[in-house]
Each structure stands twice: as C-alpha cells, then as structure tokens.
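For reference, the structure is listed below as structure tokens.
Throughout, protein chains are lettered first and strands after them, A, B, ... in sequence-line order, and every chain is numbered starting at 1. As a basis for the values below, the full set of heavy atoms in this structure was taken, side chains included, without hydrogen atoms, waters or symmetry mates.
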Amino acid sequence: MATTTVAPPLMTEERRSGRRSGGQNLGRPGFAWALPATLFFGFFAIVPLVLVVVLSFTSWSGIGSVEYVGLANWRRLAADPTMTQSLWLSVLLTALGVAVQTPLSLLIGVWAAGHQRNRAVLSAIFFLPLLLSMTAVSVLWRVLLDPNFGVPGQLPGLFGDGNLFGSRTGAIGVLVFVSSWQFIPFHALIYQGAARAVPAVLYQAAEVDGAGRWGQFRHVTLPQLRNAMITSLVLMVVGGLTTFDTVLILTGGGPGTDTTITAYYMYEQAFKSFDFGAGAAIALLLVVVATIISLIVVRVSGYDKMRSTMEGL
Amino acid sequence: MTRRRPNWIAGIGAMFWLLLVGLPIYVMVSITVQTRAGYGQNGPISLPDTFTLENYTGAFSEGFGRYFLNTVVVTASVVAIVLLLVPPLAYAIVRSRSRFTSAVFRLFLLGLAVPAQAVVVPIFYLINTAKLYDNLLGVILPTAAFCLPVCALILSGVMRDITSDLYEAMAIDGAAPGRVFWQLVLPLSRGGISTIAVFSALQAWNGFLFPLILTQSESTKVITLGLYNFQTQHGINVPGLLAAVVLSMVPVLLVYLFARRALVQGLMGVGGK
C-alpha cells in the first residue's frame, strides 16, 4: 500500500482527503461556473417569490407608487366568496382531470409501449395534440364547440341545448375534456417509457405461472409503473392547479364566476381590475396550496423514499 | 414463443382514441381550406366543397407574418440564453466541490416547484421598473429564466453519466476546468444539450402567459397572443383563425418529423426522468 505522499494525489481515493491537498480540486470547476445562471435565475424567480409576499401587503394599480396597506388585501380576500369558491374549483378541476387522465393515459401508454408496427404508426397520430400549444388547442375547441357555428349547432340534441358554455356543468366539462385531450398524450408518453423499461423476464415468469393478459397487467405492469404514476400525478396536480390559458380562452371564467379558478382570478384581479396587491395575495395562496398538495402526494405515495422497481432482480 | 391472440378490446379502444384525436385535427385542416362563406353554409363537420388557400395568405395579411417573426426572435434568444448558461451550470453542479454549488442545486430544485403563475405580478413589476414593458426582451428574459431548472436537471443528469476515469485522465494531463469543459464535457453531452435546446424552444414558442401580461402592441405580439386576440376580435372568421392555428404548429411539426427523438425528450422535460 503506497503512502499518500508517494502516490500521485489524483490517484488516491477521491473523497477521503477533501480540500486538504489542493491538488484534489485541480481540474474541477469552481463556483464561478454556476454563478451567471444562478444570478439570472435568482433575479427572475427567487426575487419575485420574495416580492410577491411583499406586494401582497401593498396596494398598487400598475402605475404610480406602491403603498403599504398592511393586511387589507388579505382581509378582503378572506371575506370574498369568489376567492373561496375559486380554490374549491381549482381543486375540483384538478381532481376531475386526474380521474379522467390517469386511467386513459395509463392504458394508452401501456398499449403504445408494444413494439408492433401498427402501434408505432398510430402512436405518431395519438401524440399530435402535444405539438399544439395550449393556446392553439383552446382556440380550436372554442371554435369546434361554439354554440352557433360549431358542432353542437350541427348535431342538435347531442349536446343538450347546444350551449356547453352556458351552464356550470357544461363549462367545467369542456375544461376537463380539453385539458385531457391535450395532456393525455403527454402522460401516456411517461407510461410508455416506463412500460418499455419493465424487464421481459417478469412477463415470462408470470406466463410460466399461468397469468393471462389481465393478470400480467395487474401483477407485473401496474406495480412496475408505480414511479411513473407518481411522477405523472405530481405533474397533473401542479398543472391542474395552475391551469390558466384554457380558462381564459374557453370560458373566460364564466358563466358568471362558475369557472373562475384561482389562477384565473389572480389574473383578473391584477391585470383586469389593476389591483396588483390582491393579485399578489392570490398568487401567494396559489403557491402555498400547490406546494401543500404536491407534498401530500409525495408523502402519501412515498416518492421521497422512492423504492426501486428493480428490487429483487 | 406462441403467437398471442389479438387483443380486441385494446384495438377498439385504440380506434376510438384515433377518432377522438384525428377527427378534430382533420376538421381543423378541412375548415382552413374552405372559403369563409362556404364554411358559414356547411358548418364544421360537412365535407368541404370548395378549396382555397386564401385563409393562409389572409392570416399573413392579418399580421401573422409579424407575429411569426417575433416568436422566432423570442425562441432563438431564449434558446441562446439557455445554451449559454446551463452547460457551465450543469458542469459545476456535477463536478464542483464548492459548498455553494450544492446550495445552488437545491435552489434550482426548489425552482422546479414554482409555477410561473405564482410570480407574474412581481415579474410585471420588475419588468415595468426596468422599462422593458412591451419590449420583446421583457418576454425573453423571464421565459428563459423559467426554463433553467428543468434544463439544469436534465443536463446535470446527462453529465453525471460521464465516467470519472475520463475526468481523471484529463486532470493528469493538467487540464484546466475550461479545457475539460470544451474537450470532454461538451462533446459527451451533445444529446442532453439538444434535449434542453428543444425543450426551451418549445417553452418559448408556445409561451402565452408572459407575452400576455408583458406586451400590448402589434409590434411585439407573438403567435399565441395573436391567436388569442384574433379569436376575441374576429370570432366569426373561423377559417382564418384556424389557418393561423395550423401555421403556428408547422415549425413544431417539422421538428417532430426530422428530430422526433429530441422533440419527445424535450417535451417530456423532467417528466421522462
């Protein structure tokens, strides 16, 4: 065993001597390499995060000076029924989105994971909605579902009175449908990737044990997709709670305030009523709710101590 | 291996989904090649009896040429900023021994959880104070900043896969970090770099919220905002509006055809991890 003084410093166990010799850090980048990106990100993401707290205690109309008003914004929001309703609506839309999207994207993802030629061709079409922006998708469906010039006008009876945007149930249904139409392909891609990574040995073993197609899906595929499912759920929850474009373009928060979810209410208060203090307070509430729900999902699912699906292989 | 019996239920489900995705896209394209009057008579689900490209040329005279150009400028600048900032950052995250760097990594992880909606009010304030309101630069900067966490995570994941033997070999040659970066790290993480380029390009191309709150005039309008305004102002000219929608997806479609892998990875961001 060579002593450290004889052996070239870089050949020694990497972590052991740490910063002591100096030679250890030769050829390693210093903190300066991370500095530009950190400053840039800090200015546009971390500073605003602090600022949103500060602004929530102020009154500002977009022009003129910012005035400290203490808890006024918070008191007003606490007494504002639209605010409370918007939080519930956000949670409701997110829950409906999860309930619709998870089973469908799971099935499509597992189906598309097969290596058959026809599946590859069809998958290319299935994933088309991903190429459109959320704005484009919303505009497209707004046109297709238009009460006067859209499909409901041509197929009366199929859509009730034809005006899907006129009732609370209809408007919520449209929002859930359109976001599902756009995002199921995305989540299906997550499941597809995970399903392809399932070791073939497991299926062979299941087949030997006499498991049919359903048995294999139930006892091999599903447990193996656990981590993919958690990833997909967290993204759905955060995405659902911050839904904005679809509401703005499809329903405008209406009828009345029936689809005014929190992110949209924030936009309305700040950029339409020019009450930026209230907008900041709502935004802060949105961050808190989104963080709490994501933490619950992560905790309940055990993502923080994510178990490897490769155990026992 | 025994040949598996065909899976009928899955087949029927797949056909149903094909209709659900394919039909609206087909209807969209077929509406755009009808005249406005023809569409008015036929409605959305009849077969077109006229063929015209006037909706596409019309979209350009409605200002979409300008919006297209603005979107290209925003997208190119965002990608440039990301490619300038993220590779050195990811290199430092993976290789630096400094305590600050691990703090920085945690900061970016925290940043992953911050939705843009949460900070639009303070960003509006900052951009206003910096006199960048209604200026493309004011859209470019926050858009790029919000691409950084995902890109840093993707690229540092890729760079972590470079084996330490290679670093040690270069260190024995006495290579400074700069040389290691140029000659080892960058060439070996090309795949990850194209992924973050496509990811940030998509974010910029499809971005809506920042342009919505940070610009107002025709000269700074991007495509998504153009679509939104077009819809609210000319609600009746459906073929023209949908032609603009189709035009907005053409560049993404081209990337999809020629660089499918990079696009899918870019779309997935951390989702695919």
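- In this structure, chain A has a heavy atom under 4.5 Å from the side chain of B:L148, while its backbone stays farther away.
- With chain A as the partner, the residue from B:T224, B:T101, B:L225 showing the most heavy-atom pairs under 4.5 Å is B:T224.
- For A:A280, the parts lying near chain B are the backbone and the side chain together; criterion is any non-hydrogen pair under 4.5 Å.
- When ring centroids are compared, A:F127 and B:Y256 stay outside the 6.0 Å threshold.
- Both the backbone and the side chain of A:F126 come within less than 4.5 Å of a heavy atom in chain B.
- Using a 4.5 Å cut-off between heavy atoms, A:L130 touches chain B through backbone and side chain atoms alike.
- Contact count against chain B (heavy-atom pairs under 4.5 Å) is highest for A:P48 among A:A283, A:P48, A:G279.
- A:I108 touches chain B through its side chain: at least one heavy atom from C-beta onward sits under 4.5 Å away, while N, CA, C and O do not.
- For A:I46, the part lying under 4.5 angstrom from a heavy atom of chain B is the side chain only.
- Looking at A:I125, both its backbone and its side chain come within 4.5 Å of chain B, counting heavy atoms on both sides.
- Under a cut-off of 6.0 angstrom, the local environment of CG in B:L257 is crowded, with over 12 non-hydrogen atoms contributed by other residues, nucleotides or ligands.
- Interface residue A:I249: backbone and side-chain heavy atoms are both found under 4.5 Å from chain B.
- Between the side chain of B:T143 and the backbone N or O of B:V139 there is at least one donor-acceptor pair closer than 3.5 Å.
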Could you go through A:F41 and B:L89, starting from their C-alpha distance and side-chain angles, then the distance that decides it, and tell me whether this counts as side chain to side chain contact (heavy atoms under 4.5 Å, CB included)? CA-CA 11 Å; A:F41 182 69; B:L89 169 72; over 6 Å; no
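- Contact annotation for A:A263: only side-chain heavy atoms (C-beta onward) come within less than 4.5 Å of a heavy atom of chain B.
- Interface check for chain A: of the options B:P88, B:A116, B:S248, the most heavy-atom pairs under 4.5 Å are formed by B:P88.
- For the pair B:V21 and A:P129, the tightest heavy-atom approach, listed with the atom from each and the gap, is CG1-CD, 3.7 Å.
- Counting heavy-atom pairs closer than 4.5 Å to chain A, the top-ranked of the candidates B:R179, B:M28, B:Q117 is B:Q117.
- B:A144 touches chain A through backbone and side chain together, each having a heavy atom under 4.5 Å away.
- Contacts between B:L227 and chain A at a heavy-atom distance below 4.5 Å involve backbone atoms as well as side-chain atoms.
- Only the side chain of A:Y267 comes within contact range of chain B, judged by heavy atoms closer than 4.5 Å.
- Both the backbone and the side chain of A:A124 come within contact range of chain B, each with at least one heavy atom under 4.5 Å from a heavy atom of that chain.
- Under the 30°/60° scheme for interplanar angles, the aromatic rings of A:W33 and B:Y91 are found to stand perpendicular.
- With a threshold of 4.5 angstrom between heavy atoms, B:I127 approaches chain A through side-chain atoms but not through N, CA, C or O.
- Chosen from B:F146, B:F105, B:Y125, the residue pairing most often with chain A at heavy-atom distances under 4.5 Å is B:Y125.
- Ranked by heavy-atom pairs shorter than 4.5 Å toward chain B, the options A:L286, A:L128, A:V287, A:L140 are led by A:L140.
- Heavy atoms of B:V82 lying under 4.5 Å from chain A are absent altogether.
- Relative orientation of the A:H187 and A:F183 rings is perpendicular, given thresholds of 30° and 60° on the angle between their planes.
- If you measure heavy-atom distances from B:L84 to chain A, you find no contacts under 4.5 Å at all.
- For the residue pair B:S156 and B:I93, the shortest heavy atom distance occurs at CB-CG2, 4.1 Å.
- The choice from A:L248, A:L284, A:L55 that makes the most heavy-atom pairs within less than 4.5 Å of chain B is A:L248.
- Note on B:L253, B:L126, B:I123, B:L141: by heavy-atom pairs under 4.5 Å with chain A, the leading option is B:L141.
- Under a 3.5 Å cut-off, the side chain of A:N73 and the backbone N or O of A:S56 do form a donor-acceptor pair.
- Panel note: side chain A:R196, backbone A:A113; a donor-acceptor pair is recorded below 3.5 Å.
- Looking only at heavy-atom pairs under 4.5 Å with chain A, the residue among B:F108, B:F181, B:W205, B:Y133 that has the most is B:F108.
- Considering OG of A:S123 and CG of A:N118, their distance stands at 9.0 Å, rounded to 0.5 Å.
- Within the 4.5 angstrom heavy-atom criterion, no atom of A:L107 approaches chain B.
- Comparing A:L104, A:L285, A:L51, A:L241 by heavy-atom pairs within less than 4.5 Å of chain B, the highest count is held by A:L51.
- The nearest pair of heavy atoms linking B:R95 to B:S164 is NH1-CB, 4.5 Å.
- The local environment of CZ in A:F271 is crowded, with over 12 non-hydrogen atoms from other residues, nucleotides or ligands closer than 6.0 Å.
- Using a distance-only test at 3.5 Å, with no hydrogens or angles considered, a donor-acceptor pair links the side chain of A:R142 to the main chain of A:L250.
- Between the side chain of A:Q182 and the main chain of A:L132, a donor-acceptor pair closer than 3.5 Å is present.
- With a 4.5 angstrom heavy-atom cutoff, A:V54 does not touch chain B via any of its atoms.
- Remark: the backbone N or O of B:L20 is paired with a side-chain donor or acceptor of A:W181 at under 3.5 angstrom.
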